[in-house]
Amino acid sequence: MSTQMLTSPKHQNVPFVDLGIQYQAIAAEINHAISKVIQEADFILGREVRLFEEEFAAFCDVPYAVGVDSGTSALELALRAFDIGPGDEVITAANSFIASALGVSHAGAKPVLVDVDPYTYTLDVTAIERAITRRTKAILPVHLYGHPAHMDPIQQLADKHGLMVIEDACQAHGARYKGKRVGSLSHAAAFSFYPGKNLGAYGDGGMVVTNDKKVANRLEMLRNYGQKEKYKHLFRGYNRRLDTMQAAILRVKLRYLEKWNAARRWNASLYQKHLEGSGVVVPGEAGGAESVWHLYVIRTEQRDQLKDHLVSKGINASIHYPVPIHLQPAYQDLGHKRGDFPVTEAYAEKILSLPMYAELTGRQIEFVAQTISEFQAVNRTGQVACEPHVRGISPSL
Ligand SMILES: *Cc1c(COP(=O)(O)O)cnc(C)c1O
């Protein structure tokens with residue numbers, strides 16, 4: 001045991017995320033952007049919305065972006081823009097935030113859940129193929145925790161069966177797959193600007209990006225009462241616009257996103273270094289993937305005890321997600337039972353998300369890792385260390 005370990009603090013506050021510290025660094029720019037919108041009284045689909053759409057589209061390497069009021073709306077409206085609705089099936093992950101399925105349901109279609117790949121936590125491609133029916137219209141891969149899904153094999157499957165691919169990129173702003181940005185890898189992609197996301201507003205917000213001009217035009221109408229020009233309503237659209245105020249805030253923050261994502265990548269590498277040999281399973285990147293580490297999710301057999309231990313030391317860890325979608329009361333009508341998705345279900349008992357944000361310090365990360373290692377030294381059962389990919393075998397995308 002090193003002397004450093006003996007003199008290390010016993011308790012240190014490490015929040016799960018810290019939006020205040022990020023605001024402090026850019027407060028002047030943010031305050032200016034907000035007051036400008038108020039002074040110009042440009043509140044609804046204002047200039048800042050259009051500029052943010054252009055800048056976000058460029059960031060994603062796609063020609064079009066349409067701002068909406070949330071990530072859930074982005075998913076729903078993207079599906080509606082492709083005329084996916086009642087009678088149609090959309091394949092997505094059982095291991096995701098529930099909004100991945102809600103977007104499908106709100107469009108009137110049926111979410112068909114499948115299990116995930118044990119290394120990347122994203123859609124298991126062989127499971128997708130088994131789930132395809134005559135009704136399947138789209139595959140909706142989720143870039144979970146900021147790690148891109150297996151897009152090439154998914155696209156090949158989609159081509160073979162004539163399906164659309166729509167990315168749920170709500171946790172992955174800026175991630176890359178074989179060098180390409182997520183959002184540019186399919187027909188359309190949905191982003192969320194929920195405050196805690198890698199690019200977060202000060203309220204709700206979302207975006208659909210696409211390389212299809214017709215789809216972009218349709219989305220512009222869908223979010224704005226179905227109108228093409230004022231008081232000309234071509235169909236029964238919605239009021240799902242991105243706020244000008246949020247767009248102005250997001251424009252400021254977008255300029256920092258690359259830097260913040262790089263800091264998250266660095267923080268992930270520090271966690272990995274300090275957790276080596278601790279016996280917990282640390283997350284990795286598949287070959288060809290560049291994750292933006294929205295969440296840093298480890299696995300361990302004594303998850304609940306470890307979480308309590310961390311909390312007792314001032315460290316806020318969290319679980320994403322404790323109950324898989326198919327076991328939620330909201331989706332009882334899909335008729336699933338425990339045992340249907342073994343990877344998702346096993347992981348729900350083992351996963352633990354450690355504090356992760358750009359401003360996390362090296363000292364904080366070391367403290368978290370050391371607290372985990374100390375707990376493990378006493379409580380380790382060694383079971384998870386037997387999983388194949390823990391022994392350094394990382395698959396490619
Ligand atoms: C956050 C999130 C959503 C929904 O975004 P909201 O803006 O909260 O509606 C959808 N899918 C995933 C994977 C998410 O993490």
Side-chain angles (χ1 to χ4, degrees), residues 16-17 19 52 56 65-80 90-107 109 111 113-114 116-117 120-123 138-149 151 165-175 182-183 185-186 188-209 219 222-223 238-243 246-247 249-250 253 264 291-297 318-326 328 330-331 344 347-348 351 353 356-357:
F16 187 66
V17 286
L19 299 178
F52 178 56
F56 194 74
V66 181
V68 294
D69 60 351
S70 73
T72 310
S73 283
L75 288 166
E76 176 196 333
L77 298 187
L79 292 163
R80 285 186 183 276
V90 177
I91 296 172
T92 193
N95 176 41
S96 183
F97 180 53
I98 193 151
S100 304
L102 289 179
V104 177
S105 300
H106 294 336
L113 302 174
V114 301
V116 295
D117 161 68
T120 63
Y121 295 80
T122 66
L123 281 181
I139 304 170
L140 199 146
V142 184
H143 306 308
L144 200 70
Y145 308 152
H147 189 292
M151 294 304 289
V165 178
I166 295 171
E167 296 161 73
D168 181 341
C170 289
Q171 300 190 355
H173 322 63
V182 304
L185 305 164
S186 63
F191 288 87
S192 164
F193 305 120
Y194 178 85
K197 302 289 163 93
N198 288 34
L199 179 61
Y202 293 149
D204 279 308
M207 187 79 87
V208 184
V209 303
L219 283 162
L222 275 165
R223 71 169 172 188
Y238 306 87
N239 178 351
R240 306 277 192 87
R241 300 168 299 228
L242 176 64
D243 258 26
Q246 300 303 342
I249 291 162
L250 289 161
K253 288 192 167 200
R264 284 174 182 267
S291 174
V292 288
W293 300 100
H294 173 58
L295 295 171
Y296 190 88
V297 180
S318 190
I319 300 168
H320 301 88
Y321 297 88
V323 182
I325 296 174
H326 68 289
Q328 295 282 357
Y331 278 111
T344 295
Y347 281 12
I351 47 177
S353 311
M356 173 52 90
Y357 49 94

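In listed order, ligands and their atoms are each counted from 1. Counting from 1, the numbers follow the sequence of the chain as shown. As the structure is a prediction and not an experimental result, all values here were calculated from the model.
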Next on the checklist: Please determine whether side chain to side chain contact (heavy atoms under 4.5 Å, CB included) holds for the pair Asp243 and Asp69, giving the CA-CA distance in whole Å, both sets of side-chain angles, and the decisive distance to 0.1 Å.
Outcome noted: CA-CA 7 Å; Asp243 258 26; Asp69 60 351; over 6 Å; no
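- Under the ring-ring contact (aromatic ring centres under 6.0 Å, His included) criterion, Tyr194 pairs with no residue at all, not counting sequence neighbours.
- In terms of modelled atom types and a separation under 3.5 Å, the side chain of His294 and the main chain of Ala172 share no donor-acceptor contact.
- Looking at residues two or more places apart in sequence or on another chain, you find a ring-ring contact (aromatic ring centres under 6.0 Å, His included) between His326 and His336, Phe341.
- Among residues two or more places apart in sequence or in another chain, the side-chain hydrogen bond (donor to acceptor under 3.5 Å, both in side chains) test is passed with Gln171 by Tyr321.
- For the residue pair Asp168 / Ser100, a side-chain donor-acceptor distance below 3.5 Å is found, with atom types taken as modelled.
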Could you pull out every N or O of ligand 1 that sits under 3.5 Å from a protein N or O, with the distance for each pair?
unit_1   : atom_1 : unit_2 : atom_2 : d
ligand 1 : 5 (O)  : Ser192 : OG     : 3.2
ligand 1 : 7 (O)  : Gly71  : N      : 2.8
ligand 1 : 7 (O)  : Ser192 : OG     : 2.6
ligand 1 : 9 (O)  : Gly71  : N      : 3.3
ligand 1 : 9 (O)  : Thr72  : N      : 2.9
ligand 1 : 9 (O)  : Thr72  : OG1    : 2.5
ligand 1 : 11 (N) : Asp168 : OD1    : 3.3
ligand 1 : 11 (N) : Asp168 : OD2    : 2.8
ligand 1 : 15 (O) : Gln171 : NE2    : 2.8
ligand 1 : 15 (O) : Lys197 : NZ     : 3.0

